[in-house]
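Structure record follows, encoded as structure tokens.
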Amino acid sequence: MRVGMGYDVHPLVEGRKLILGGIHIPYTRGLAGHSDGDVLLHSIGDALLGGAGKKDIGNLFPDNDPRYEGISSMILLAKIKTKVLEEGFGIQNVDAVMVAEEPKLSPYIPQMKENIAGVLGIEPERVGVKATTSEGLGPLGKKRGIACWSVASLEKKEDPGRL
């Protein structure tokens with residue numbers, strides 16, 4: 001069993017759509033980023049890559065590469081899944097917590113879980129997605145951005161190093 005941890009944060013800016021878990025969430029601002037800025041999927045992607053012993057999402061999809069400008073993070077997560085599977089790992093589960101003062105994210109969580117499960121090829125019950133606030137503290141509490149922490153567990157198929 002391998003475990004990876006991921007983290008991502010992006011500032012909220014005018015003129016961008018807010019995309020989280022592959023869903024457009026109606027809001028007055030969106031997340032800055034080279035791609036669509038989906039901190040939930042970026043964080044999960046980093047957790048998966050970490051569990052597989054790989055470099056982070058920024059190394060895999062550099063923000064100075066025009067191929068990834070504006071790309072859907074659902075596509076990036078699918079590429080990460082392929083890389084993890086090619087390394088001989090099966091995805092056991094992922095769990096994430098987003099931190100945002102607003103908008104209220106709970107109504108969108110069931111669809112986010114479905115989207116993530118679909119891309120990763122696992123059952124929705126193996127995907128945890130939660131949302132909380134930072135109770136008005138720090139930059140996140142002042143509605144300047146959204147952050148996400150994630151963990152992923154992977155199982156190496158027929159790992160000869162396991163006892």
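Only heavy atoms go into these numbers, but all of them, side chains included; no hydrogens, no water, no symmetry mates.
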List the steps and the verdict of salt bridge (charged side-chain N to carboxylate O under 4.0 Å, His left out) for Arg16 and Asp36. CA-CA 9 Å; Arg16 296 248 335 190; Asp36 60 9; 6.0 Å; no
Taking side chain as C-beta onward, heavy atoms only, is [X] less than 4.5 Å from [Y]?
| X | Y | result |
| --- | --- | --- |
| Glu114 | Pro124 | yes |
| Ile80 | Thr82 | no |
| Val94 | Ser150 | no |

Which heavy atom in [X] sits nearest to a heavy atom in [Y], and how many Å separate them?
| X | Y | result |
| --- | --- | --- |
| Tyr108 | Ile23 | O-CD1, 3.6 Å |
| Leu105 | Ala131 | CB-CB, 3.9 Å |
| Val119 | Met74 | CG2-CE, 3.3 Å |
| His34 | Asp65 | NE2-O, 2.8 Å |
| Leu154 | Leu48 | CD1-O, 3.6 Å |
| Leu40 | Ala96 | CD1-CB, 3.5 Å |

Please determine whether salt bridge (charged side-chain N to carboxylate O under 4.0 Å, His left out) holds for the pair Glu123 and Arg126, giving the CA-CA distance in whole Å, both sets of side-chain angles, and the decisive distance to 0.1 Å. CA-CA 6 Å; Glu123 297 85 11; Arg126 294 207 259 157; 2.7 Å; yes
Mind checking whether Trp149 and Tyr7 have parallel, tilted or perpendicular rings, split at 30° and 60°?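 Tilted.
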Between Lys81, Lys157, Lys156, Lys54, which is the residue that forms a salt bridge (Lys or Arg N to Asp or Glu O under 4.0 Å) with Glu87?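 Of the listed options, the one satisfying the test is Lys54.
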Ser35 and His42: side chain to side chain donor-acceptor pair (under 3.5 Å), yes or no, with the steps? CA-CA 10 Å; Ser35 66; His42 295 178; 3.2 Å; yes
